[in-house]
S.K.: 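Just passing along the structure, written as structure tokens.
Every chain is numbered from 1 and lettered A, B, ... according to where its sequence line falls, protein lines coming before strand lines. These numbers come from a predicted model, not from an experiment.
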There are 2 protein chains.
Amino acid sequence: MSAQPNATPADSRRDEVVQATCAVIAREGLDRASMRAIAQELGSTTGVLTHYFRDKNDLLGFVLKAIIAKLELDRIDPSSVEASLEDVRNLLGRYLPGAADNELWWRVWLAFTVAALSDSKQAEQHRSLYAQMRSMWTALLTAMQARGEVAAELDPALEADVILCIVDGVGIQALISPELYSHDYQMAIVEAALARLAPR
Amino acid sequence: MSAQPNATPADSRRDEVVQATCAVIAREGLDRASMRAIAQELGSTTGVLTHYFRDKNDLLGFVLKAIIAKLELDRIDPSSVEASLEDVRNLLGRYLPGAADNELWWRVWLAFTVAALSDSKQAEQHRSLYAQMRSMWTALLTAMQARGEVAAELDPALEADVILCIVDGVGIQALISPELYSHDYQMAIVEAALARLAPR
DNA sequence: TTGACAACATAACAACCGTTGTGATGCTAT
DNA sequence: ATAGCATCACAACGGTTGTTATGTTGTCAA
């Protein structure tokens with residue numbers, strides 16, 4: 001279950017710090033995630049943080065990398081898998097908040113995304129990451145279209161962006177109004193926006 | 001063009017401060033919008049801010065109120081207007097970023113939204129605001145459905161949430177990748193998600 | 001037993017934050 | 001002319017921030 005096969009004890013401890021940082025960011029926000037707050041969440045002092053990370057930027061870099069890994073780990077290879085519309089639904093279902101601990105990762109991801117809007121370096125990273133998702137979905141939809149699973153008259157690139165937008169939108173709304181956006185309701189919205197993919 | 005018909009000079013000066021605050025938030029982020037940074041944006045010192053506002057919270061309250069006013073000002077009364085699908089498109093078109101100075105307002109709004117996720121008081125405000133939009137769209141779609149402008153088998157409440165989600169999603173993506181999300185492309189995505197509203 | 005090193009705790013530092021009080025300036029009504 | 005008030009500039013305050021240096025503890029090889 002560990003991240004790496006040859007993970008040293010130091011690496012696992014580092015991961016604990018990253019986890020604690022995510023917890024603080026998700027609960028209090030990115031700007032309130034100070035060194036001392038993170039250390040307190042960990043039940044230690046800032047000495048732990050400075051020992052395993054060069055500075056705060058370094059720590060946040062590890063956090064962002066962990067989030068990105070979470071985003072891409074459960075991704076499928078669009079060229080090797082013959083996905084049906086049902087598979088697409090399941091894939092999005094596991095990705096959205098409302099299931100498992102996804103809400104925590106969504107909160108952290110959204111915090112970094114908004115912060116990236118004011119940081120050209122981080123903005124470029126986010127752009128390329130979304131570009132990656134975009135090309136993945138475009139390839140997947142193109143393959144499905146060739147197999148007749150997606151209506152022929154649709155533009156796969158545009159539909160890929162529709163998926164990205166609807167997922168982001170549902171994600172945000174679910175974070176704002178979790179009592180309204182149950183997992184089933186999130187899926188209902190996604191399916192409503194995706195129904196047009198079906199042929200005929 | 002002023003906000004209020006009987007606006008005093010003090011009110012207009014207050015509005016200048018609010019505008020400057022929005023500019024700083026949009027450019028540098030909410031956490032970087034310090035009193036001194038806002039004053040510098042205004043070409044003054046913090047004396048101006050403390051004179052017109054009790055404290056920073058008070059100032060940010062005015063900013064949020066200005067944003068909300070921007071959100072609701074160009075809203076239509078769903079019961080009095082006989083909107084067509086074309087009108088819905090135009091309404092959303094004026095609302096999305098990519099047109100006029102909407103991008104600035106979107107950045108500020110998103111900053112407040114993410115901050116609200118870690119503040120139960122602000123979170124409730126955002127929830128009720130989205131609830132307001134939700135009921136507006138539901139009423140509008142219901143009326144259009146009764147007039148045969150929207151397919152009869154659809155659930156207006158669900159479709160209202162689809163609209164809210166797709167707008168938020170397109171808005172965020174447009175802020176992240178403005179060079180990709182032109183105004184026309186934003187509209188194309190919205191129209192793609194909205195095409196299913198048409199009857200038959 | 002001792003020395004080296006990892007794993008922290010602790011304290012101090014400058015920089016920045018929001019807030020407050022004080023004073024200078026200029027306009028306005030009397 | 002002068003009192004009064006609006007409109008700021010400015011400095012200082014306590015608190016919090018990230019960073020750095022130094023101290024303490026345990027472990028383990030030689």
S.K.: With DNA chain C as reference, determine whether B:A37 or A:G43 sits nearer its 5' end, using the nearest nucleotide of each.
M.R.: A:G43
S.K.: Going from CZ on A:R196 to CG on A:L154, what distance comes out if it is rounded to the nearest 0.5 angstrom?
M.R.: 5.5 Å
S.K.: Going by atom types only, do B:D161 and A:Q173 share a side-chain donor-acceptor pair under 3.5 Å?
M.R.: no
S.K.: What nucleic acid atoms does B:R13 come within less than 4.0 Å of, heavy atoms only: base, sugar-phosphate, or nothing?
M.R.: sugar-phosphate
S.K.: Choosing from D:dT19, C:dT19, D:dC8, which nucleotide comes nearest the side chain of B:V48?
M.R.: D:dC8
S.K.: Which sits closer to the 5' end of DNA chain D, B:S44 or A:A33, going by the nucleotide each is nearest to?
M.R.: B:S44
S.K.: Please tell me which of the listed nucleotides, C:dT19, C:dT10, C:dC8, lies nearest to the side chain of A:T46?
M.R.: C:dT10
S.K.: What does B:S34 touch in the nucleic acid at a heavy-atom separation under 4.0 angstrom: a base, only the sugar-phosphate, or nothing?
M.R.: sugar-phosphate
S.K.: Can you work out whether A:R54 or B:R36 has the more 5'-proximal nearest nucleotide on DNA chain D?
M.R.: B:R36
S.K.: Is the phosphate of C:dA6, meaning OP1 or OP2, less than 4.0 Å from a side-chain N or O of A:Y52?
M.R.: no
S.K.: Using 0.5 Å steps for rounding, measure from the OG1 atom of B:T138 to the CE atom of B:M136.
M.R.: 9.5 Å
S.K.: Of all the nucleotides listed (C:dT20, D:dG18, D:dC10), which has the minimum atom distance to the side chain of B:T45?
M.R.: D:dC10
